[in-house]
There are 8 protein chains.
Amino acid sequence: GYGRLDTDRLARTGDPEVIYGAGKTPEQVVELLRRLRQAHPSRAALATRLGPEALAAVRATFPEASISEDAGVVTVGPLPQARGLVCVVSAGTSDARVATEAAVTARAFGAGVRQISDVGVAGIHRLLAVKDELDQADCLVVVAGMEGALPSVVGGLTGVPLVAVPTSVGYGASFGGLAALLAMLNSCAPGVVVTNIDNGFGAGVFAARVARRARRDGGAR
Amino acid sequence: GYGRLDTDRLARTGDPEVIYGAGKTPEQVVELLRRLRQAHPSRAALATRLGPEALAAVRATFPEASISEDAGVVTVGPLPQARGLVCVVSAGTSDARVATEAAVTARAFGAGVRQISDVGVAGIHRLLAVKDELDQADCLVVVAGMEGALPSVVGGLTGVPLVAVPTSVGYGASFGGLAALLAMLNSCAPGVVVTNIDNGFGAGVFAARVARRARRDGGAR
Amino acid sequence: GYGRLDTDRLARTGDPEVIYGAGKTPEQVVELLRRLRQAHPSRAALATRLGPEALAAVRATFPEASISEDAGVVTVGPLPQARGLVCVVSAGTSDARVATEAAVTARAFGAGVRQISDVGVAGIHRLLAVKDELDQADCLVVVAGMEGALPSVVGGLTGVPLVAVPTSVGYGASFGGLAALLAMLNSCAPGVVVTNIDNGFGAGVFAARVARRARRDGGAR
Amino acid sequence: GYGRLDTDRLARTGDPEVIYGAGKTPEQVVELLRRLRQAHPSRAALATRLGPEALAAVRATFPEASISEDAGVVTVGPLPQARGLVCVVSAGTSDARVATEAAVTARAFGAGVRQISDVGVAGIHRLLAVKDELDQADCLVVVAGMEGALPSVVGGLTGVPLVAVPTSVGYGASFGGLAALLAMLNSCAPGVVVTNIDNGFGAGVFAARVARRARRDGGAR
Amino acid sequence: GYGRLDTDRLARTGDPEVIYGAGKTPEQVVELLRRLRQAHPSRAALATRLGPEALAAVRATFPEASISEDAGVVTVGPLPQARGLVCVVSAGTSDARVATEAAVTARAFGAGVRQISDVGVAGIHRLLAVKDELDQADCLVVVAGMEGALPSVVGGLTGVPLVAVPTSVGYGASFGGLAALLAMLNSCAPGVVVTNIDNGFGAGVFAARVARRARRDGGAR
Amino acid sequence: GYGRLDTDRLARTGDPEVIYGAGKTPEQVVELLRRLRQAHPSRAALATRLGPEALAAVRATFPEASISEDAGVVTVGPLPQARGLVCVVSAGTSDARVATEAAVTARAFGAGVRQISDVGVAGIHRLLAVKDELDQADCLVVVAGMEGALPSVVGGLTGVPLVAVPTSVGYGASFGGLAALLAMLNSCAPGVVVTNIDNGFGAGVFAARVARRARRDGGAR
Amino acid sequence: GYGRLDTDRLARTGDPEVIYGAGKTPEQVVELLRRLRQAHPSRAALATRLGPEALAAVRATFPEASISEDAGVVTVGPLPQARGLVCVVSAGTSDARVATEAAVTARAFGAGVRQISDVGVAGIHRLLAVKDELDQADCLVVVAGMEGALPSVVGGLTGVPLVAVPTSVGYGASFGGLAALLAMLNSCAPGVVVTNIDNGFGAGVFAARVARRARRDGGAR
Amino acid sequence: GYGRLDTDRLARTGDPEVIYGAGKTPEQVVELLRRLRQAHPSRAALATRLGPEALAAVRATFPEASISEDAGVVTVGPLPQARGLVCVVSAGTSDARVATEAAVTARAFGAGVRQISDVGVAGIHRLLAVKDELDQADCLVVVAGMEGALPSVVGGLTGVPLVAVPTSVGYGASFGGLAALLAMLNSCAPGVVVTNIDNGFGAGVFAARVARRARRDGGAR
Ligand SMILES: Nc1ncnc2c1ncn2[C@@H]1O[C@H](COP(=O)(O)O)[C@@H](O)[C@H]1O
Ligand SMILES: Nc1ncnc2c1ncn2[C@@H]1O[C@H](COP(=O)(O)O)[C@@H](O)[C@H]1O
Ligand SMILES: Nc1ncnc2c1ncn2[C@@H]1O[C@H](COP(=O)(O)O)[C@@H](O)[C@H]1O
Ligand SMILES: Nc1ncnc2c1ncn2[C@@H]1O[C@H](COP(=O)(O)O)[C@@H](O)[C@H]1O
Ligand SMILES: [Mg+2]
Ligand SMILES: [Mg+2]
Ligand SMILES: [Mg+2]
Ligand SMILES: [Mg+2]
Ligand SMILES: [Mg+2]
Ligand SMILES: [Mg+2]
Ligand SMILES: [Mg+2]
Ligand SMILES: [Mg+2]
């Protein structure tokens with residue numbers, strides 16, 4: 001059999017269980033989504049890491065599903081009211097998949113979300129142009145592969161809490177995202193925290209928790 | 001010469017520059033503290049990673065300094081008003097040094113702080129006994145060396161944003177904290193984010209930023 | 001040609017040779033099972049790591065075979081009388097394959113077996129609920145991927161000998177099970193021993209040897 | 001302050017807390033031994049990883065202490081009755097320190113102990129000469145550095161449960177014991193389990209737990 | 001285009017160029033064999049790492065070819081007279097492919113060859129039974145995967161020059177042969193030298209060079 | 001004895017031999033400098049990686065020596081005429097040692113040199129303020145430790161050839177400069193090349209060779 | 001969607017944006033080439049890492065395209081006038097793909113290019129025979145896999161600026177090009193700089209920038 | 001106690017036991033040398049890795065000892081008659097220590113020895129000048145640190161059996177000799193075999209065994 005659902009998690013942590021699609025059949029994904037919908041009818045169910053077949057099965061079964069094709073993420077059911085603002089920033093076009101996983105997750109976990117793409121450090125002017133948008137967020141998620149430099153630059157521009165997500169984008173001595181991961185762990189910008197490689201989901205959960213608790217005045221100092 | 005101070009940082013990010021004592025002479029530390037005090041008279045200056053000589057020099061020069069001997073951390077000057085609550089949880093007694101660095105930093109960066117020690121996973125009852133205290137925090141900092149399992153267990157007990165700090169405590173296949181770092185990055189509890197090995201400072205900065213922005217109702221869902 | 005069987009092993013170590021199916025054709029697996037059955041008619045033959053084709057060939061040739069489809073493990077012939085009790089505990093649903101390999105192996109090597117699944121550390125209450133069952137075992141096999149924290153928690157709850165099995169479940173900085181392996185090697189619970197990544201077979205052999213020698217009073221202290 | 005003692009551990013797991021001396025002052029070690037002696041007057045207290053100063057302080061304070069100088073291990077108080085037999089086997093002369101840590105620990109945890117040294121694989125005749133002694137044990141602890149081959153050879157000679165302990169003895173591509181650790185994890189002898197590098201203590205705890213529960217007939221098959 | 005042949009190598013080093021088939025098309029392999037045959041008509045041409053298609057093409061083009069199907073190795077043309085004796089020893093059945101590559105290479109490079117299989121360290125009696133054959137060789141090639149312990153045991157039994165070849169056989173913490181490689185580099189038997197993982201070819205070349213220069217009296221001491 | 005000087009190198013490559021002071025006694029350093037001065041009287045001799053004793057010995061023997069105390073670098077004799085311009089940019093104050101090694105080397109190898117310090121990525125405005133100076137150089141040397149992000153940002157601002165030098169500044173998961181090295185190798189800015197960790201010398205040699213060949217119009221496109 | 005083009009890059013750095021084909025569909029590649037051609041009509045557009053389908057689509061759409069089939073590189077449009085000379089040297093035949101990527105890139109970035117293949121260090125006479133050609137270049141790109149020794153030998157023969165490119169050619173302990181990368185970073189020839197594994201593109205960009213700025217007299221010393 | 005001597009080894013393998021001085025006191029070294037001299041009066045005793053104190057103690061006790069101060073190697077007693085010729089080639093001056101360990105060991109194990117130093121690959125002419133001496137040897141030992149390229153170049157010049165010894169000379173990404181080790185394992189010259197990092201002893205043993213068996217005509221082909 002496949003995974004038992006931890007339907008008690010909502011009570012314990014304030015957030016419902018989520019379906020991790022990697023290694024599950026389309027039938028299993030559909031069945032688990034059905035059970036999640038039943039357990040928490042008023043709250044959208046989230047599934048990540050779905051391949052094309054699973055996405056098709058979800059689309060056929062839940063016409064109301066909201067689907068991010070490229071990122072393999074779906075939500076089924078009414079999204080919670082958005083509280084606070086998560087801003088997801090990404091470097092290269094190949095990082096979009098992970099950034100979208102973070103954005104959809106943060107939204108499904110109850111935060112408002114804004115997404116800013118293609119602001120890699122090799123063209124720093126693009127980043128400086130959006131500094132105001134960065135400052136308005138309650139939590140930032142910064143996604144980058146290769147050398148993973150983006151969080152350090154963003155972290156020097158703003159004091160908003162910043163979660164860095166290394167991606168496996170790269171080749172050779174990127175070692176599947178290790179280069180970006182190590183870079184982010186060693187960021188010289190104070191207060192950068194890091195997730196596992198490609199873990200947009202984890203960053204989204206964390207950022208939503210921070211954002212939806214945030215006072216609108218940003219904790220004015 | 002030694003480091004120029006980034007006295008503009010307070011304006012840019014809301015938090016002042018900090019002195020990283022590793023590799024600096026006692027004279028340099030004292031001089032930098034003096035300059036930080038001048039630049040921001042109303043705000044305590046923080047210095048981390050001080051050895052015994054530097055601590056002695058600070059004590060002699062700034063009788064009003066608040067010193068954490070074992071952790072090598074000092075603050076000089078009035079602490080900011082505490083907003084929100086950071087709870088620093090640690091596993092073994094050897095992790096205390098890093099936990100204290102996180103706690104003092106979070107306090108100096110404007111959050112209230114509570115510290116809970118010696119609640120390692122091999123005696124899980126000790127952790128269950130403090131669940132209520134965990135739930136009251138606005139941000140958790142969870143410090144552990146060796147197998148780094150504590151954040152996963154804490155992250156399953158509560159939905160409070162959780163920053164995990166791996167320490168270099170251990171030997172052999174701990175590889176200087178690598179084992180704990182990898183464990184924390186792979187936590188099965190959703191929403192765990194991670195800092196560099198032994199980086200209590202970074203965790204403290206991040207947690208303070210989250211906590212001092214937090215609404216007192218915890219973002220009731 | 002394929003592997004010569006070490007039919008003398010039963011005499012030397014008390015346990016017969018086993019077939020490791022990885023890289024063998026269905027015909028080779030069937031032929032080796034036939035020879036093992038001949039060499040030790042009164043003792044079930046065990047084969048592990050069989051793919052779908054090999055499983056089908058075994059089913060067709062030995063209708064009496066007992067097959068664990070998902071885990072790719074089969075036994076053919078009468079199982080030895082069960083002596084002592086091995087309890088196999090696993091964390092996530094993806095770890096089930098390795099847990100079952102351990103359970104079937106332990107049973108084929110002469111121990112009684114109980115299997116407890118889905119008791120990951122992120123939901124610690126599920127584990128506390130089965131503490132009594134843990135205490136009744138003569139040897140525990142604890143299977144976990146990702147951060148590999150489960151053995152530390154179990155090892156703090158009970159003094160029963162505990163074999164930890166890291167699995168390759170995870171992604172990114174799990175590095176194919178390395179994160180879980182390192183975590184288990186650094187467990188702060190005293191007396192945790194470890195096998196290779198995904199090596200349910202080795203854990204099953206070891207645990208059966210411990211369990212079938214155990215006095216029923218558990219070596220009361 | 002230094003570590004709080006987990007004096008409840010004896011009730012929970014059947015074995016008392018132990019003092020890990022690395023990073024503790026002689027005064028701390030002596031004080032902790034005193035408290036362990038008070039908490040469990042009928043049971044010897046164990047301390048490991050003591051340097052020369054700590055050993056001297058223990059000798060001065062507890063004249064009745066039993067001290068293994070080279071291994072940095074001491075017991076203070078009456079040893080428990082020995083049940084079952086642990087046999088500690090080691091390869092090179094430099095591995096003796098770790099082997100003795102395992103032997104003293106197993107004895108303090110209630111097992112009888114026999115120690116066999118200098119039976120490295122490069123002189124296999126020495127090992128074959130002691131096969132009978134190996135078969136008589138209830139649990140084997142096999143200690144080796146460098147290429148870590150000894151457990152595979154021993155594991156092919158006997159069916160007694162075998163715990164392998166890699167040591168950091170070696171240079172260059174031994175990478176502080178990593179070579180031996182990997183070798184032991186990949187042992188082709190079925191049923192070899194492994195501890196952290198240099199972790200004689202963990203192996204001793206585990207082996208004692210197995211041995212003191214063992215039936216004298218060795219679980220005759 | 002594909003590789004230019006180094007037809008001058010025979011003059012420079014005493015051994016002709018060889019075809020490495022990995023990444024070459026069947027047509028390229030056949031063409032290169034043809035050119036090698038022309039350049040050195042009196043000396044067999046050797047090709048290694050050939051897949052099924054390349055083997056079929058060779059068989060069709062050179063009916064006189066001598067083909068080792070499983071190892072993907074062929075020789076075309078008259079083998080040189082055998083001088084001296086190389087003995088290739090291997091551990092598990094999966095190591096046979098590499099052992100055969102070494103054996104065919106050594107023969108093609110002018111040495112006599114004897115091959116001994118399935119003498120892994122977990123059944124040490126099988127190895128002791130062939131000690132005399134080991135002593136008769138002028139050079140040994142010892143092939144093993146997993147924990148790579150075989151060269152240490154063989155190296156303790158005899159003073160014949162010994163080349164160890166780690167293989168990628170294994171899983172999990174074998175890390176593609178790294179465990180065996182490190183073990184062999186750290187062998188406690190003096191005078192063990194090592195090749196790259198799976199490099200039967202390199203071991204065969206080296207061993208042939210040693211063997212064909214050897215005096216028949218073995219350099220009696 | 002210590003190293004023979006390769007006095008022919010000047011003829012072969014256009015640059016004279018240099019003294020690498022690590023592991024050499026003060027006497028050896030002084031003697032080698034004397035011999036270099038004799039071999040090439042019209043060209044300054046360079047020595048790097050000198051400790052305090054060697055520096056003192058050089059100062060005493062060669063009063064005309066030019067000494068960079070902190071970086072442990074000296075030149076003795078007339079510097080070559082400066083052709084072209086190398087600009088050495090560094091991130092943190094601790095990177096200064098390596099940056100100075102690069103700057104002194106580039107000057108001794110015949111290029112003009114400008115040095116810009118303390119322009120780390122966490123305060124990007126400092127870097128933007130010097131863009132014009134960057135564009136004026138014929139070759140850039142960019143030195144950074146920790147996350148090694150500076151070369152990517154600089155490489156996005158200018159098309160001047162850029163050599164990146166990772167330093168060992170950092171702790172924990174910086175792994176002695178590995179994090180910075182990997183980051184630089186994976187730079188998303190096209191045309192960044194990299195040296196070994198802390199290898200200011202190699203970067204200085206390379207940059208001088210590029211700069212002194214450069215046309216003053218910068219190869220206008 | 002796929003990557004936005006950085007059409008401003010030409011103005012900022014003197015070199016236009018380039019298409020990185022890995023992970024892009026043939027349609028995306030064709031469309032991006034079309035847009036690059038429009039943005040910079042007088043300058044050839046470059047695309048790298050194209051698979052067979054993308055190459056076919058480019059050939060069909062742009063009959064004027066210049067295509068390097070094996071290397072997966074194309075240019076569309078008029079090449080810039082060649083200034084200076086880049087010489088691309090490679091070791092084995094399998095390194096040709098990377099060498100050609102470097103050569104085509106250098107030409108498209110405005111340098112003249114000469115390519116020398118099959119001059120591996122195991123046949124050093126082939127390299128000595130081309131020393132004059134090496135000396136005539138303004139920048140060298142030296143490509144090698146396996147042990148990556150070629151740059152050290154070339155770097156000892158000439159003072160021309162030298163960029164080393166490690167390739168992933170090899171097996172076993174080459175670890176996907178890591179062995180060659182580390183070797184090149186540790187080159188004992190002064191002034192060797194290194195790119196990422198297989199990064200012919202980056203080396204070509206860098207070398208072109210150096211070459212097209214070079215004075216024809218080579219910066220005579 | 002310290003190591004028991006394996007005085008039976010001479011009979012088993014043709015070579016006597018040797019003293020490995022690392023971690024032994026001067027008294028232990030002297031005592032072990034005494035016992036080796038008694039066990040094999042007609043054969044010199046060898047001790048390696050001796051520090052200054054042990055060397056002084058040996059000099060005082062055995063005035064007839066032959067001592068290589070820098071390499072920390074001594075022989076006491078009559079050297080065996082030299083048979084065959086080992087040629088030890090090394091790259092940089094810092095590799096001399098390891099080269100001398102190899103040379104003294106080979107001589108003590110019964111081979112004639114010639115030593116050639118300072119022929120690094122960055123000055124290839126020095127190596128070409130000694131090609132005839134290389135061809136005269138029966139076995140080559142090639143010692144190099146940093147990028148470890150020397151064995152590949154030597155292996156392309158001659159067909160003499162070649163043992164490569166990586167040294168820990170280097171810094172940064174040399175990772176304690178790992179770079180040189182990997183390079184040598186991946187040598188493109190056929191027939192290069194490798195020892196552990198800094199293991200001149202092992203290379204000397206192996207080479208002596210090869211050389212003393214070699215026919216004087218070098219196995220003419
Ligand atoms: N314990 C610490 N760990 C990591 N970074 C620190 C620590 N303490 C201070 N820092 C950072 O180090 C910077 C000062 O570095 P420096 O200019 O080298 O003195 C501060 O701005 C902080 O961002
Ligand atoms: N799943 C498994 N993992 C590791 N080793 C196994 C497994 N199954 C069987 N083996 C071992 O593999 C041996 C057979 O290997 P082979 O001779 O290659 O078929 C058996 O004797 C067992 O010791
Ligand atoms: N073969 C290559 N290797 C590395 N980077 C490349 C390569 N080809 C192009 N690029 C870079 O990739 C960028 C385009 O990436 P993207 O926006 O993902 O298409 C270009 O601006 C180049 O800097
Ligand atoms: N420099 C060396 N490196 C590696 N092994 C050595 C060295 N010198 C001696 N040995 C080996 O160490 C053994 C003695 O080790 P031990 O019994 O610990 O003194 C000898 O028999 C040799 O095989
Ligand atoms: Mg679950
Ligand atoms: Mg600073
Ligand atoms: Mg077998
Ligand atoms: Mg404790
Ligand atoms: Mg070739
Ligand atoms: Mg030199
Ligand atoms: Mg782009
Ligand atoms: Mg010994």
Side-chain angles (χ1 to χ4, degrees), chain E residues 6 9-10 12-15 17-18 43 80-81 83-84 105 109-111 135 138-139 155-166 181-182 184-187 189-197 199 201-221, chain H residues 6 9-10 12-15 17-18 43 80-81 83-84 105 109-111 135 138-139 155-166 181-182 184-187 189-197 199 201-221:
Chain E
D6 180 3
R9 187 181 295 180
L10 180 59
R12 218 165 61 244
T13 69
D15 294 308
E17 168 78 295
V18 166
R43 184 75 183 265
Q81 195 201 335
R83 305 189 64 170
T105 299
F109 273 68
D135 278 330
D138 296 306
C139 192
L157 291 177
T158 177
V160 176
L162 187 168
V163 180
V165 185
L181 171 63
L182 293 182
M184 292 173 179
L185 287 168
N186 285 283
S187 177
V192 168
V193 295
V194 187
T195 69
N196 192 4
I197 297 163
N199 191 3
F201 166 72
V205 170
F206 184 89
R209 289 179 174 176
V210 169
R212 70 192 190 205
R213 298 167 177 250
R215 276 183 287 113
R216 285 288 61 193
D217 63 355
R221 318 132 193 179
Chain H
D6 181 3
R9 187 182 292 182
L10 179 60
R12 216 164 63 246
T13 69
D15 294 307
E17 169 78 296
V18 166
R43 184 77 181 264
Q81 193 201 338
R83 305 190 62 172
T105 300
F109 273 67
D135 278 331
D138 296 307
C139 192
L157 290 177
T158 177
V160 175
L162 187 168
V163 180
V165 185
L181 171 63
L182 293 182
M184 291 174 179
L185 288 167
N186 284 283
S187 177
V192 168
V193 295
V194 187
T195 69
N196 193 4
I197 298 164
N199 192 0
F201 167 73
V205 170
F206 184 89
R209 288 179 174 178
V210 169
R212 69 193 191 206
R213 298 166 176 251
R215 276 183 285 114
R216 284 290 59 194
D217 62 355
R221 321 132 190 178

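A, B, ... follow the sequence lines: proteins, then strands. Residue 1 opens every chain. On a predicted model such as this, the values are computed, not experimentally measured, just so you know.
- Exactly one of E:Val205, E:Asp15, E:Thr105, E:Asn199 qualifies for a side-chain contact (heavy atoms from CB on, under 4.5 Å) with H:Pro190. That residue is E:Val205.
- Heavy-atom distances place no part of E:Val18 under 4.5 Å from chain H, backbone and side chain included.
- Contact check for H:Thr13 versus E:Thr158: no side-chain heavy atoms found under the 4.5 Å cut-off.
- Ranked by heavy-atom pairs under 4.5 Å with chain E, the list H:Gly156, H:Gly84, H:Pro80 is led by H:Gly156.
- Residue with the most contacts toward chain H among E:Asn186, E:Val210, E:Val163: E:Val210 (heavy-atom pairs, distance under 4.5 Å).
- The minimum heavy-atom distance between E:Phe206 and H:Gly191, with the atom names listed, is CD1-O, 3.0 Å.
- Both the backbone and the side chain of H:Thr195 come within contact range of chain E, each with at least one heavy atom under 4.5 Å from a heavy atom of that chain.
- Interface remark: H:Ile197 contributes no atoms to any contact with chain E (heavy atom separation under 4.5 Å).
- Across every non-hydrogen atom of E:Arg213 and H:Gly159, the tightest pair is NH2-O, 3.7 Å.
- Taking the side-chain contact (heavy atoms from CB on, under 4.5 Å) definition, one finds that H:Ala207 meets it with H:Val86, H:Cys139, H:Val141, sequence neighbours left out.
- Per-residue heavy-atom pair counts under 4.5 Å with chain E were compared for H:Asp135, H:Leu157, H:Val160, H:Val192, and the maximum is reached by H:Val160.
- When every heavy atom of E:Ala214 is checked against every heavy atom of H:Arg215, the shortest pair comes out as O-NE, 3.4 Å.
- Looking at H:Leu185 and E:Leu181, their side chains come closer than 4.5 Å, going by heavy atoms from C-beta outward.
- Using a 4.5 Å cut-off between heavy atoms, E:Leu162 touches chain H through its backbone atoms (N, CA, C, O) alone.
- Applying the side-chain contact (heavy atoms from CB on, under 4.5 Å) test to H:Ala208 and every residue at least two apart in sequence or in another chain returns H:Ala106, H:Phe109, H:Ala111.
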